[in-house]
There are 2 protein chains.
Amino acid sequence: MLKLTRKVEYALIALRYMDRNKDRRCASAKEISDLYHIPLSLLSKILQTLSKVEIIQAVQGAHGGYILNINPEDFSMTELINILEGPLGIMDCSIDSECSQLDTCNIKSPITKVNNAIINVLNNITLADISEQQSTGLKI
Amino acid sequence: MLKLTRKVEYALIALRYMDRNKDRRCASAKEISDLYHIPLSLLSKILQTLSKVEIIQAVQGAHGGYILNINPEDFSMTELINILEGPLGIMDCSIDSECSQLDTCNIKSPITKVNNAIINVLNNITLADISEQQSTGLKI
DNA sequence: CATATATAAGACTAATTTAGTCTTATTAAG
DNA sequence: CTTAATAAGACTAAATTAGTCTTATATATG
Ligand code: SF4
Ligand code: SF4
């Protein structure tokens, strides 16, 4: 509960790696998959999604891979989550939706404030924040 | 993803109701279940859990029910989530755990900061915040 | 040109988590 | 004694998340 999905984590891992390697021409899915022990097919799908919305740019064929296509400072966690998982909210009614309590719910408006506070946190964290900070492990 | 569970929402609905009815002796699971269209068995289990940790006090037998046993101002969302769902964290490694990326992960420490920020939001929201604020629907 | 190494796309399956049900026992008011 | 409650826990169903597999296409390089 209240967990980020693996898709989002894997995307962050890959995006940070690409950002830190911006000197090199491009990074392949295979390379990232090996380095961080992420299932290749899964990572591929994630990178394809990011490529489709032009967060990263794909280079096809042998020696291909992906290049970061955004300014990390301008790209928030909220945007990433939206791309990979759709609209973000801590309860169903924050988005659409068919909650059977909707008409009688006594917590909808207070919980909406909680929701806004959490979205606000994520809005204010950019890929640069994820990328710049020292990390443990490989530190790449 | 990043959703509150129904258990937590149902608990908040019930706790708010009890808080707003503190004049009455007690509120039964059936009564709350009917008012807010929450499955009775599910709500019962939730209230039993809250009763076991003495957030609410059970009154057995006919005319029984539950009475709020805490000061809403002193009871945070984090505590509630801990009781109903266990330790709170946006990623697996924030708690224990067996993440296969752990040794090479390049985002662990930055993501920990995000985690702390979100937990902080939840720490600072009390049942009083949920209860006091005007709501839509039944407004009970 | 052939081959090896990439991305692209999407169907499919497995695993895990969340939500909800059902059953049986106990308690106390009337 | 009957009725309306809580207590406890096994069980099932639904939904979400994670991961696999397959086939097609693109391109660098020998
Ligand atoms: S806040 Fe109320 S209406 Fe919204 S999803 Fe939760 S229970 Fe349903
Ligand atoms: S932050 Fe890294 S180590 Fe922690 S759960 Fe996510 S992938 Fe695993």
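Order of the sequence lines sets the chain letters (A, B, ...), proteins ahead of strands, with each chain counted from 1.
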Looking at the side chain of [X], which of [options] is the nearest nucleotide?
| X | options | result |
| --- | --- | --- |
| K52(A) | dC21(D), dA9(C), dA7(D) | dA9(C) |
| M1(B) | dA9(C), dT17(D), dT21(C) | dT17(D) |
| R6(B) | dC21(D), dA8(D), dA19(C) | dA19(C) |

Lys/Arg-Asp/Glu bridge criterion (N-O < 4.0 Å) met for K3(B), D92(A)
yes
Between R24(A) and E31(A) (salt bridge meaning N to carboxylate O under 4.0 Å), is one present in this structure?
yes
Could you list by number each residue of residues 53-72 of chain B showing a heavy-atom separation from DNA chain C of less than 4.0 Å, or answer none if no residue does?
Q60(B), G61(B), A62(B)
Going by atom types only, do S51(A) and Q48(A) share a side-chain donor-acceptor pair under 3.5 Å?
no
Is the closest side-chain donor-acceptor distance between T5(B) and E85(B) under 3.5 Å?
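Result is yes, a qualifying pair exists.
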Select base, sugar-phosphate, or nothing to describe what [X] touches, counting heavy atoms under 4.0 Å on all strands.
| X | value |
| --- | --- |
| S41(B) | base |
| K45(A) | base |
| T5(A) | sugar-phosphate |

Can you work out whether S100(B) or L40(B) has the more 5'-proximal nearest nucleotide on DNA chain D?
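Checking each residue's closest nucleotide, the 5'-ward one belongs to L40(B).
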Toward the 5' end of DNA chain D, which comes first, R25(A) or Q48(B), by nearest nucleotide?
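Closest to the 5' end, via its nearest nucleotide, is Q48(B).
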To the nearest 0.5 Å, atom CZ of R6(B) lies from atom SG of C99(A) at 4.0 Å
Quick one: pull up OG1 in T49(A) and NZ in K7(A) and give me the separation to the nearest 0.5 Å.
6.5 Å
dG19(D) phosphate, OP1 or OP2, under 4.0 Å from Y10(A) side-chain N/O
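Checking dG19(D) against Y10(A), a side-chain N or O does come within under 4.0 Å of OP1 or OP2.
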Nearest-Å distance for atom pair CD1/C1', residues I46(B) and dA7(D):
15 Å
Whole-Å distance between dT18(C) C1' and I81(B) CD1?
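For the pair I81(B) CD1 and dT18(C) C1', the rounded distance is 15 Å.
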Taking the side chain as C-beta and beyond, is there a heavy-atom pair between I32(A) and Y66(A) under 4.5 Å?
no
